[in-house]
Number of protein chains: 2
Amino acid sequence: MAHTYKVHYFDIKFIARGEPIRMLLSYGGIPFEDVRVKHEDWPKVKPTTPLGQLPVLEIDGKAIPQSKAICRYLASLVKLDGKDVKENVALDVAIETLLDIQNLTFDSMFISDAVEKEEKLKKLKEATSFYFGKLEEYAKKHNGYIAFERLSWADILFVCVYQLLANVVGKEAVDAYPSLLKVKKNVLAVKNINSWIKNRPALPGYDLKQDL
Amino acid sequence: MAHTYKVHYFDIKFIARGEPIRMLLSYGGIPFEDVRVKHEDWPKVKPTTPLGQLPVLEIDGKAIPQSKAICRYLASLVKLDGKDVKENVALDVAIETLLDIQNLTFDSMFISDAVEKEEKLKKLKEATSFYFGKLEEYAKKHNGYIAFERLSWADILFVCVYQLLANVVGKEAVDAYPSLLKVKKNVLAVKNINSWIKNRPALPGYDLKQDL
(Lines give C-alpha, C1' and ligand atoms only; values in the text may rest on other atoms or scores of the structure.)
Protein backbone atom coordinates (compact mmCIF):
# COMPACT_ATOMS: atom_id res chain seq x y z
CA MET A 1 0.00 0.00 0.00
CA ALA A 2 1.26 3.44 -0.87
CA HIS A 3 2.05 5.69 2.07
CA THR A 4 0.50 9.13 2.42
CA TYR A 5 2.83 12.09 2.88
CA LYS A 6 2.02 15.59 4.10
CA VAL A 7 4.55 18.40 4.34
CA HIS A 8 3.58 21.08 6.87
CA TYR A 9 5.47 24.35 6.64
CA PHE A 10 4.95 28.09 6.91
CA ASP A 11 3.51 30.06 4.01
CA ILE A 12 6.53 32.38 3.82
CA LYS A 13 7.92 34.48 1.04
CA PHE A 14 11.40 33.06 0.69
CA ILE A 15 13.05 29.68 0.14
CA ALA A 16 13.51 28.21 3.60
CA ARG A 17 13.44 24.90 5.48
CA GLY A 18 10.37 23.44 3.78
CA GLU A 19 11.60 23.56 0.20
CA PRO A 20 14.39 20.91 0.29
CA ILE A 21 11.80 18.48 1.71
CA ARG A 22 9.35 19.20 -1.11
CA MET A 23 12.14 18.91 -3.68
CA LEU A 24 13.33 15.56 -2.30
CA LEU A 25 9.80 14.16 -2.41
CA SER A 26 9.34 15.52 -5.94
CA TYR A 27 12.66 14.04 -7.03
CA GLY A 28 11.53 10.63 -5.81
CA GLY A 29 8.18 10.96 -7.58
CA ILE A 30 6.44 10.67 -4.21
CA PRO A 31 3.08 12.47 -4.15
CA PHE A 32 2.51 14.65 -1.08
CA GLU A 33 0.00 17.08 0.33
CA ASP A 34 1.64 20.48 0.54
CA VAL A 35 0.19 22.13 3.65
CA ARG A 36 1.10 25.83 4.01
CA VAL A 37 0.46 27.22 7.48
CA LYS A 38 -0.44 30.91 7.53
CA HIS A 39 1.17 33.18 10.14
CA GLU A 40 -2.18 33.85 11.85
CA ASP A 41 -2.91 30.11 12.20
CA TRP A 42 0.46 29.21 13.76
CA PRO A 43 -0.56 29.65 17.44
CA LYS A 44 -3.33 27.11 16.83
CA VAL A 45 -1.11 24.69 14.89
CA LYS A 46 2.03 24.93 17.11
CA PRO A 47 0.78 22.76 20.01
CA THR A 48 -0.25 20.02 17.54
CA THR A 49 3.37 19.59 16.31
CA PRO A 50 5.83 17.23 18.03
CA LEU A 51 8.34 19.95 18.97
CA GLY A 52 6.44 23.22 18.52
CA GLN A 53 8.26 23.71 15.22
CA LEU A 54 7.78 23.44 11.47
CA PRO A 55 8.55 21.78 9.10
CA VAL A 56 6.85 18.53 9.98
CA LEU A 57 6.62 15.56 7.64
CA GLU A 58 3.57 13.42 8.25
CA ILE A 59 3.78 9.85 6.98
CA ASP A 60 0.54 7.86 7.33
CA GLY A 61 -0.44 10.20 10.17
CA LYS A 62 2.85 9.92 12.06
CA ALA A 63 4.57 13.31 12.42
CA ILE A 64 8.35 13.68 12.08
CA PRO A 65 9.85 17.04 13.19
CA GLN A 66 13.29 18.59 12.54
CA SER A 67 14.04 19.56 8.93
CA LYS A 68 17.45 17.88 8.84
CA ALA A 69 16.09 14.61 10.24
CA ILE A 70 13.33 14.73 7.61
CA CYS A 71 15.72 15.49 4.75
CA ARG A 72 18.14 12.78 5.80
CA TYR A 73 15.32 10.27 5.98
CA LEU A 74 13.99 11.25 2.54
CA ALA A 75 17.48 11.35 1.03
CA SER A 76 18.03 7.73 2.08
CA LEU A 77 14.55 6.83 0.76
CA VAL A 78 15.16 8.34 -2.70
CA LYS A 79 18.85 7.31 -2.78
CA LEU A 80 20.37 10.77 -2.69
CA ASP A 81 22.63 9.91 0.27
CA GLY A 82 26.10 8.38 0.15
CA LYS A 83 26.71 4.72 -0.63
CA ASP A 84 29.28 4.21 2.13
CA VAL A 85 30.79 5.87 5.21
CA LYS A 86 33.36 7.83 3.18
CA GLU A 87 30.72 9.31 0.88
CA ASN A 88 28.47 10.11 3.82
CA VAL A 89 31.22 12.11 5.56
CA ALA A 90 31.73 14.18 2.40
CA LEU A 91 27.96 14.63 2.13
CA ASP A 92 27.61 15.65 5.80
CA VAL A 93 30.43 18.20 5.53
CA ALA A 94 28.75 19.77 2.48
CA ILE A 95 25.29 19.74 4.07
CA GLU A 96 26.47 21.32 7.34
CA THR A 97 28.36 24.00 5.42
CA LEU A 98 25.28 24.83 3.34
CA LEU A 99 23.20 24.98 6.52
CA ASP A 100 25.77 27.30 8.14
CA ILE A 101 25.26 29.72 5.23
CA GLN A 102 21.48 29.28 5.36
CA ASN A 103 21.43 30.08 9.09
CA LEU A 104 23.63 33.14 8.61
CA THR A 105 21.20 34.30 5.92
CA PHE A 106 18.15 33.83 8.16
CA ASP A 107 20.02 35.73 10.92
CA SER A 108 20.42 38.74 8.65
CA MET A 109 16.81 38.87 7.43
CA PHE A 110 14.81 39.93 10.45
CA ILE A 111 16.72 42.93 11.73
CA SER A 112 14.84 46.22 11.89
CA ASP A 113 17.75 48.52 12.83
CA ALA A 114 19.19 49.80 9.52
CA VAL A 115 22.81 50.11 10.67
CA GLU A 116 22.83 46.67 12.27
CA LYS A 117 21.19 45.17 9.17
CA GLU A 118 23.80 46.76 6.90
CA GLU A 119 26.57 45.29 9.04
CA LYS A 120 24.98 41.81 9.08
CA LEU A 121 24.57 41.90 5.30
CA LYS A 122 28.21 42.88 4.86
CA LYS A 123 29.27 39.91 7.03
CA LEU A 124 26.89 37.63 5.14
CA LYS A 125 28.46 38.66 1.81
CA GLU A 126 31.93 37.90 3.18
CA ALA A 127 30.75 34.53 4.51
CA THR A 128 29.05 33.71 1.20
CA SER A 129 32.22 34.50 -0.66
CA PHE A 130 34.26 32.30 1.71
CA TYR A 131 31.91 29.30 1.84
CA PHE A 132 30.86 29.42 -1.82
CA GLY A 133 34.57 29.50 -2.63
CA LYS A 134 35.03 26.27 -0.67
CA LEU A 135 31.93 24.64 -2.17
CA GLU A 136 33.16 25.68 -5.64
CA GLU A 137 36.31 23.62 -4.99
CA TYR A 138 34.19 20.58 -4.09
CA ALA A 139 31.94 21.06 -7.14
CA LYS A 140 34.91 21.47 -9.44
CA LYS A 141 36.51 18.29 -8.12
CA HIS A 142 33.27 16.35 -8.63
CA ASN A 143 32.46 17.83 -12.03
CA GLY A 144 29.31 19.76 -11.12
CA TYR A 145 28.21 17.88 -8.01
CA ILE A 146 29.04 18.98 -4.49
CA ALA A 147 29.53 15.89 -2.33
CA PHE A 148 30.63 13.23 -4.82
CA GLU A 149 30.49 12.59 -8.57
CA ARG A 150 26.73 12.17 -8.86
CA LEU A 151 23.61 13.89 -7.58
CA SER A 152 23.10 14.01 -3.79
CA TRP A 153 20.80 15.99 -1.56
CA ALA A 154 23.64 18.49 -1.05
CA ASP A 155 23.05 19.61 -4.66
CA ILE A 156 19.33 20.04 -4.03
CA LEU A 157 19.97 21.93 -0.80
CA PHE A 158 22.50 24.05 -2.68
CA VAL A 159 19.87 25.19 -5.18
CA CYS A 160 17.59 26.21 -2.28
CA VAL A 161 20.38 28.11 -0.52
CA TYR A 162 21.47 29.67 -3.81
CA GLN A 163 17.99 31.06 -4.46
CA LEU A 164 17.62 32.29 -0.87
CA LEU A 165 20.97 34.08 -1.03
CA ALA A 166 20.39 35.50 -4.51
CA ASN A 167 17.26 37.08 -3.07
CA VAL A 168 19.04 38.44 0.02
CA VAL A 169 22.53 39.47 -1.17
CA GLY A 170 21.91 39.62 -4.93
CA LYS A 171 22.60 37.34 -7.87
CA GLU A 172 26.05 38.76 -8.66
CA ALA A 173 27.29 37.49 -5.26
CA VAL A 174 26.22 33.89 -5.97
CA ASP A 175 26.86 33.72 -9.73
CA ALA A 176 30.65 34.06 -9.59
CA TYR A 177 31.28 30.31 -9.22
CA PRO A 178 31.29 28.37 -12.53
CA SER A 179 31.24 24.87 -11.00
CA LEU A 180 28.41 25.82 -8.64
CA LEU A 181 26.44 27.16 -11.61
CA LYS A 182 27.00 23.72 -13.13
CA VAL A 183 25.57 22.14 -9.96
CA LYS A 184 22.47 24.33 -10.34
CA LYS A 185 22.20 23.37 -14.01
CA ASN A 186 22.55 19.67 -13.16
CA VAL A 187 19.82 19.86 -10.52
CA LEU A 188 17.44 21.84 -12.72
CA ALA A 189 17.98 19.33 -15.54
CA VAL A 190 16.41 16.55 -13.46
CA LYS A 191 12.94 16.07 -14.92
CA ASN A 192 11.04 15.62 -11.64
CA ILE A 193 12.73 18.60 -10.01
CA ASN A 194 12.27 20.78 -13.05
CA SER A 195 8.61 19.90 -13.14
CA TRP A 196 8.22 20.67 -9.41
CA ILE A 197 9.94 24.04 -9.81
CA LYS A 198 7.79 24.97 -12.83
CA ASN A 199 4.57 24.08 -11.07
CA ARG A 200 5.25 24.82 -7.40
CA PRO A 201 2.75 27.05 -5.63
CA ALA A 202 3.47 30.77 -5.45
CA LEU A 203 5.04 32.21 -2.30
CA PRO A 204 3.30 35.36 -1.08
CA GLY A 205 5.08 38.41 -2.49
CA TYR A 206 7.98 36.50 -4.08
CA ASP A 207 8.40 35.56 -7.73
CA LEU A 208 9.72 32.00 -7.60
CA LYS A 209 11.17 32.22 -11.13
CA GLN A 210 13.31 35.15 -10.00
CA ASP A 211 16.81 34.44 -8.66
CA LEU A 212 17.09 30.95 -10.15
CA MET B 1 47.66 -0.59 10.68
CA ALA B 2 46.10 1.55 13.37
CA HIS B 3 44.99 4.99 12.26
CA THR B 4 46.15 8.14 14.02
CA TYR B 5 43.51 10.54 15.28
CA LYS B 6 43.90 14.16 16.33
CA VAL B 7 41.08 16.31 17.68
CA HIS B 8 41.68 20.04 17.18
CA TYR B 9 39.45 22.36 19.20
CA PHE B 10 39.56 25.59 21.15
CA ASP B 11 40.87 25.66 24.70
CA ILE B 12 37.63 27.10 26.10
CA LYS B 13 36.13 27.03 29.55
CA PHE B 14 32.83 25.29 28.90
CA ILE B 15 31.57 22.09 27.32
CA ALA B 16 31.15 22.85 23.63
CA ARG B 17 31.51 21.26 20.20
CA GLY B 18 34.76 19.43 20.84
CA GLU B 19 33.65 17.33 23.79
CA PRO B 20 31.17 14.94 22.08
CA ILE B 21 33.95 14.08 19.61
CA ARG B 22 36.40 13.29 22.41
CA MET B 23 33.76 11.26 24.25
CA LEU B 24 32.89 9.22 21.14
CA LEU B 25 36.55 8.41 20.54
CA SER B 26 36.98 7.52 24.23
CA TYR B 27 33.87 5.34 24.15
CA GLY B 28 35.33 3.41 21.21
CA GLY B 29 38.69 3.01 22.96
CA ILE B 30 40.33 4.92 20.11
CA PRO B 31 43.47 6.77 21.21
CA PHE B 32 43.69 10.37 19.98
CA GLU B 33 45.88 13.40 20.33
CA ASP B 34 43.88 16.11 22.07
CA VAL B 35 45.02 19.40 20.53
CA ARG B 36 43.71 22.49 22.35
CA VAL B 37 44.09 25.69 20.35
CA LYS B 38 44.57 28.81 22.45
CA HIS B 39 42.64 31.97 21.58
CA GLU B 40 45.82 33.86 20.72
CA ASP B 41 46.96 31.12 18.30
CA TRP B 42 43.67 30.95 16.38
CA PRO B 43 44.50 33.54 13.67
CA LYS B 44 47.54 31.42 12.79
CA VAL B 45 45.66 28.10 12.89
CA LYS B 46 42.45 29.24 11.11
CA PRO B 47 43.83 29.30 7.55
CA THR B 48 45.21 25.76 8.00
CA THR B 49 41.71 24.32 8.63
CA PRO B 50 39.45 23.12 5.78
CA LEU B 51 36.64 25.61 6.50
CA GLY B 52 38.20 28.19 8.83
CA GLN B 53 36.45 26.48 11.75
CA LEU B 54 37.09 24.15 14.66
CA PRO B 55 36.58 21.37 15.61
CA VAL B 56 38.59 19.43 13.07
CA LEU B 57 39.21 15.70 13.27
CA GLU B 58 42.45 14.63 11.64
CA ILE B 59 42.67 10.99 10.60
CA ASP B 60 46.08 9.93 9.29
CA GLY B 61 46.72 13.56 8.37
CA LYS B 62 43.40 14.08 6.53
CA ALA B 63 41.33 16.85 8.13
CA ILE B 64 37.54 16.55 8.50
CA PRO B 65 35.65 19.74 9.48
CA GLN B 66 32.09 20.26 10.80
CA SER B 67 31.36 18.87 14.28
CA LYS B 68 28.16 17.09 13.25
CA ALA B 69 29.81 15.41 10.28
CA ILE B 70 32.63 14.29 12.57
CA CYS B 71 30.28 12.98 15.27
CA ARG B 72 28.12 11.13 12.78
CA TYR B 73 31.20 9.50 11.27
CA LEU B 74 32.53 8.46 14.69
CA ALA B 75 29.09 7.29 15.86
CA SER B 76 28.91 4.92 12.90
CA LEU B 77 32.50 3.80 13.55
CA VAL B 78 31.87 2.96 17.24
CA LYS B 79 28.31 1.67 16.57
CA LEU B 80 26.42 4.36 18.44
CA ASP B 81 24.17 5.14 15.47
CA GLY B 82 20.88 3.46 14.57
CA LYS B 83 20.70 -0.02 13.09
CA ASP B 84 18.10 0.91 10.44
CA VAL B 85 16.31 3.85 8.83
CA LYS B 86 13.62 4.00 11.52
CA GLU B 87 16.17 4.14 14.36
CA ASN B 88 18.21 6.73 12.49
CA VAL B 89 15.20 9.04 12.12
CA ALA B 90 14.59 8.86 15.88
CA LEU B 91 18.30 9.47 16.50
CA ASP B 92 18.40 12.44 14.10
CA VAL B 93 15.34 14.05 15.70
CA ALA B 94 16.95 13.74 19.15
CA ILE B 95 20.34 15.02 17.96
CA GLU B 96 18.88 18.05 16.15
CA THR B 97 16.78 18.90 19.20
CA LEU B 98 19.83 18.71 21.49
CA LEU B 99 21.77 20.88 19.04
CA ASP B 100 18.92 23.43 18.99
CA ILE B 101 19.26 23.76 22.77
CA GLN B 102 23.06 23.87 22.54
CA ASN B 103 22.90 26.69 19.96
CA LEU B 104 20.40 28.65 22.04
CA THR B 105 22.78 28.30 24.98
CA PHE B 106 25.80 29.52 23.00
CA ASP B 107 23.65 32.47 21.78
CA SER B 108 22.99 33.55 25.36
CA MET B 109 26.60 33.34 26.55
CA PHE B 110 28.38 36.15 24.77
CA ILE B 111 26.12 39.11 25.41
CA SER B 112 27.65 42.06 27.23
CA ASP B 113 24.47 44.16 27.70
CA ALA B 114 23.02 43.14 31.09
CA VAL B 115 19.34 43.67 30.20
CA GLU B 116 19.64 41.81 26.91
CA LYS B 117 21.53 38.99 28.63
CA GLU B 118 18.83 38.69 31.30
CA GLU B 119 16.18 38.43 28.60
CA LYS B 120 18.12 35.80 26.62
CA LEU B 121 18.65 33.72 29.78
CA LYS B 122 14.93 33.88 30.56
CA LYS B 123 14.14 32.62 27.05
CA LEU B 124 16.80 29.94 27.36
CA LYS B 125 15.24 28.68 30.61
CA GLU B 126 11.83 28.48 28.94
CA ALA B 127 13.33 26.65 25.93
CA THR B 128 15.22 24.26 28.23
CA SER B 129 12.03 23.48 30.09
CA PHE B 130 10.15 22.84 26.83
CA TYR B 131 12.82 20.75 25.08
CA PHE B 132 13.97 18.84 28.17
CA GLY B 133 10.30 18.04 28.73
CA LYS B 134 10.12 16.50 25.26
CA LEU B 135 13.44 14.65 25.65
CA GLU B 136 12.22 13.36 29.03
CA GLU B 137 9.28 11.72 27.21
CA TYR B 138 11.68 10.02 24.79
CA ALA B 139 13.97 8.89 27.63
CA LYS B 140 11.05 7.57 29.65
CA LYS B 141 9.76 5.60 26.67
CA HIS B 142 13.21 4.05 26.09
CA ASN B 143 13.97 3.40 29.74
CA GLY B 144 16.86 5.81 30.22
CA TYR B 145 18.06 6.20 26.63
CA ILE B 146 16.98 9.04 24.37
CA ALA B 147 16.77 7.74 20.80
CA PHE B 148 16.04 4.03 21.28
CA GLU B 149 16.37 1.36 23.96
CA ARG B 150 20.16 1.25 24.08
CA LEU B 151 23.03 3.71 24.13
CA SER B 152 23.38 6.04 21.13
CA TRP B 153 25.40 9.18 20.53
CA ALA B 154 22.29 11.21 21.46
CA ASP B 155 22.87 10.09 25.07
CA ILE B 156 26.51 11.21 24.93
CA LEU B 157 25.55 14.54 23.36
CA PHE B 158 22.88 14.90 26.05
CA VAL B 159 25.46 14.65 28.83
CA CYS B 160 27.52 17.39 27.13
CA VAL B 161 24.47 19.65 26.69
CA TYR B 162 23.34 18.89 30.26
CA GLN B 163 26.67 20.02 31.69
CA LEU B 164 26.79 23.12 29.49
CA LEU B 165 23.27 24.12 30.54
CA ALA B 166 23.82 23.33 34.22
CA ASN B 167 26.72 25.77 34.06
CA VAL B 168 24.69 28.48 32.28
CA VAL B 169 21.16 28.24 33.72
CA GLY B 170 21.90 26.26 36.90
CA LYS B 171 21.55 22.64 37.97
CA GLU B 172 17.98 22.98 39.30
CA ALA B 173 16.78 23.78 35.74
CA VAL B 174 18.24 20.57 34.29
CA ASP B 175 17.76 18.19 37.23
CA ALA B 176 13.95 18.12 37.18
CA TYR B 177 13.71 15.24 34.69
CA PRO B 178 14.03 11.77 36.26
CA SER B 179 14.41 9.82 33.01
CA LEU B 180 17.03 12.26 31.72
CA LEU B 181 18.94 11.83 34.99
CA LYS B 182 18.81 8.12 34.22
CA VAL B 183 20.29 8.83 30.77
CA LYS B 184 23.14 10.69 32.44
CA LYS B 185 23.65 7.82 34.89
CA ASN B 186 23.67 5.28 32.05
CA VAL B 187 26.26 7.27 30.10
CA LEU B 188 28.51 7.86 33.13
CA ALA B 189 28.33 4.13 33.96
CA VAL B 190 30.12 3.26 30.71
CA LYS B 191 33.65 2.40 31.74
CA ASN B 192 35.48 4.13 28.87
CA ILE B 193 33.42 7.30 29.21
CA ASN B 194 33.75 7.36 32.97
CA SER B 195 37.49 6.99 32.65
CA TRP B 196 37.67 9.83 30.07
CA ILE B 197 35.60 12.11 32.29
CA LYS B 198 37.73 11.36 35.35
CA ASN B 199 40.96 12.01 33.50
CA ARG B 200 40.08 14.64 30.91
CA PRO B 201 42.27 17.73 30.83
CA ALA B 202 41.17 20.76 32.82
CA LEU B 203 39.33 23.57 31.05
CA PRO B 204 40.69 27.00 31.93
CA GLY B 205 38.65 28.45 34.79
CA TYR B 206 36.03 25.69 34.88
CA ASP B 207 35.83 22.78 37.30
CA LEU B 208 34.89 19.84 35.08
CA LYS B 209 33.54 17.83 38.02
CA GLN B 210 31.06 20.60 38.74
CA ASP B 211 27.60 20.42 37.11
CA LEU B 212 27.78 16.72 36.29
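Only a predicted model underlies this, so the values are computations on that prediction, with no experimental measurement involved. Throughout, protein chains are lettered first and strands after them, A, B, ... in sequence-line order, and every chain is numbered starting at 1.
- Taking a 6.0 Å sphere around NZ of A:Lys141, one finds it holds 12 or fewer heavy atoms contributed by other residues, nucleotides or ligands.
- Using a 4.5 Å cut-off between non-hydrogen atoms, the part of residues 118-137 of chain A that approaches chain B consists of A:Phe130, A:Tyr131, A:Lys134.
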N/O donor-acceptor pairs under 3.5 Å from side chains in residues 159-170 of chain A, not counting sequence neighbours:
residue: A:Tyr162; atom: OH; partner: A:Lys171; partner atom: NZ; Å: 3.0
residue: A:Tyr162; atom: OH; partner: A:Asp175; partner atom: OD1; Å: 2.4
residue: A:Tyr162; atom: OH; partner: A:Lys184; partner atom: NZ; Å: 3.4
residue: A:Gln163; atom: OE1; partner: A:Arg200; partner atom: NH2; Å: 3.0
residue: A:Gln163; atom: NE2; partner: A:Leu208; partner atom: O; Å: 2.9
residue: A:Gln163; atom: NE2; partner: A:Gln210; partner atom: O; Å: 3.0

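- When atom types are taken as modelled, the side chain of B:Lys6 and the backbone of B:Ile59 share no donor-acceptor pair closer than 3.5 angstrom.
- Separating the NZ atom in A:Lys140 from the OH atom in A:Tyr177 is a distance of 14.0 Å, to the nearest 0.5 Å.
- Nearest heavy-atom pair, B:Thr97 versus B:Val93, reported as atom, atom and distance to 0.1 Å: OG1-O, 2.7 Å.
- Listed by sequence position, A:Val85, A:Val89 are the residues of residues 78-89 of chain A in contact with chain B, using a 4.5 angstrom heavy-atom cutoff.
- Using a 4.5 Å cut-off between heavy atoms, B:Ser67 makes no contact with chain A at all.
- For the atom pair A:Ile146 CD1 and A:Leu157 CG, the distance stands at 8.0 Å (nearest 0.5 Å).
- Within the 3.5 Å criterion, the main-chain N or O of A:Ser152 finds a donor-acceptor partner in the side chain of A:Asp155.
- Contact annotation: the side chain of A:Arg72 approaches that of A:Asp92 to within less than 4.5 Å [non-hydrogen atoms, C-beta and beyond].
- In terms of heavy-atom proximity, B:Pro65 sits nearest to B:Ala69 at O-CB, 3.9 Å.
- Residues A:Phe106 and A:Asn103 meet the side-chain proximity criterion, which asks for heavy atoms closer than 4.5 Å.
- Heavy-atom distances place both the backbone and the side chain of B:Leu51 under 4.5 Å from chain A.
- Nearest heavy atom pair, residue B:Gly144 against residue B:Asn186, reads O-ND2, 2.9 Å.
- Applying the side-chain hydrogen bond (donor to acceptor under 3.5 Å, both in side chains) test between B:Asn143 and each of B:Glu149, B:Lys182, B:Arg150 identifies B:Lys182 as the sole match.
- With contacts defined as side-chain heavy-atom distances shorter than 4.5 Å, the pair B:Ile95/A:Lys68 does not qualify.
- For residues 9-44 of chain A, heavy-atom neighbours of chain B at less than 4.5 Å comprise no residues at all.
- Considering only heavy atoms from C-beta on, A:His8 stays 4.5 Å or farther from A:Thr49 through its side chain.
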